[in-house]
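Here the structure is laid out as structure tokens; the discussion comes afterwards.
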Amino acid sequence: KSGCPTCKMDEFSVFPDKRLQRSLYAYRVRCSHKNDGCQWTSQLGELDKHLNENPKLSEQLSGCKFTEIECQHCTHLFQRRYISAHETAECAQRPFTCDYCKDYESTYEDVGTNHWLQCPFYPVSCPNKCGDNPKRQNLEDHVSKDCPLTVVNCDFHYAGCEVQ
């Protein structure tokens, strides 16, 4: 056990020195992200609020724009100034609903790599390369009835005519 070398006591009464704390918190400081471009300068006591390093979701966008925070979908770190664009338009793990059928809900990555390969409302290229992009569920009808490049037999094909 280690105690006080003078009085040999093992327990101590410790209390914060409020006067010293007020004095320290009054010092003017710069943001720790100054080298990244942050121009913030204020009292040391305001630094934690400015940095807001572990924000609640509702407070995610307040604080230093250069502080790195975690994406709520993929857990990668981004500077606060970039997090909104990432979470709403770039993150592969963001929630996403299929634009075509309006039914399937998953992540952007799952919808784009799995669902769209089978979605009946997804537009597909005409195999005849006519330039039309019918819905997957309408492709057969398009090719058999609407496509101007579908090869059709002569009306007299039943009689042996081989003109197409």
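All values derive from a computational prediction rather than experimental measurement. The chain is numbered in sequence order, starting from 1.
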Joint hydrophobic cluster, [X] plus [Y], side-chain heavy atoms closer than 4.5 Å:
X: L51; Y: Y25; answer: yes
X: Y108; Y: F78; answer: no
X: Y27; Y: L20; answer: yes
X: V29; Y: F66; answer: no
X: Y122; Y: F96; answer: yes

Crowded around [X] [atom1]? As in, over 12 foreign heavy atoms under 6.0 Å?
X: R30; atom1: CZ; result: no
X: Y104; atom1: OH; result: yes
X: D48; atom1: CG; result: no
X: D155; atom1: CG; result: no

I need the [X] [atom1] to [Y] [atom2] distance, nearest 0.5 Å.
X: E140; Y: Q137; atom1: CD; atom2: CD; answer: 11.5 Å
X: H86; Y: C74; atom1: NE2; atom2: SG; answer: 3.5 Å
X: H142; Y: K135; atom1: NE2; atom2: NZ; answer: 14.0 Å
X: D146; Y: S144; atom1: CG; atom2: OG; answer: 7.5 Å
X: E46; Y: R28; atom1: CD; atom2: CZ; answer: 10.5 Å
X: K34; Y: Q39; atom1: NZ; atom2: CD; answer: 7.0 Å

> What do the steps show when you test Q79 against K65 for side-chain contact (heavy atoms from CB on, under 4.5 Å), and what is the final call?
Replying inline: CA-CA 6 Å; Q79 287 184 341; K65 300 296 178 202; over 6 Å; no
> Between I83 and C71, is any pair of side-chain heavy atoms under 4.5 Å apart?
Replying inline: yes
> Under 4.5 Å between any side-chain heavy atoms of H73 and P95, yes or no?
Replying inline: yes
Closest non-hydrogen atom pair, [X] against [Y]:
X: L61; Y: S84; result: CD2-OG, 3.4 Å
X: L149; Y: K129; result: CD1-O, 3.7 Å
X: N133; Y: C126; result: OD1-N, 4.5 Å
X: C101; Y: H115; result: SG-NE2, 3.4 Å
X: P127; Y: L139; result: CD-CD1, 3.7 Å
X: Q93; Y: E109; result: NE2-OE1, 2.7 Å

Can you tell me if [X] uses its side chain to pair, donor with acceptor, with the backbone of [Y] under 3.5 Å?
X: T67; Y: E53; answer: no
X: R80; Y: C64; answer: yes
X: N52; Y: S62; answer: yes

> Angle class for the W116/Y100 ring planes (parallel below 30°, perpendicular above 60°, tilted otherwise)?
Replying inline: perpendicular
>> Tell me whether the rings of W40 and H50 are parallel (<30°), tilted (30 to 60°) or perpendicular (>60°).
In response: parallel
>> As a quick check of understanding, evaluate side-chain contact (heavy atoms from CB on, under 4.5 Å) for C91 and Q72, giving each step before the final call.
In response: CA-CA 10 Å; C91 182; Q72 62 180 325; over 6 Å; no
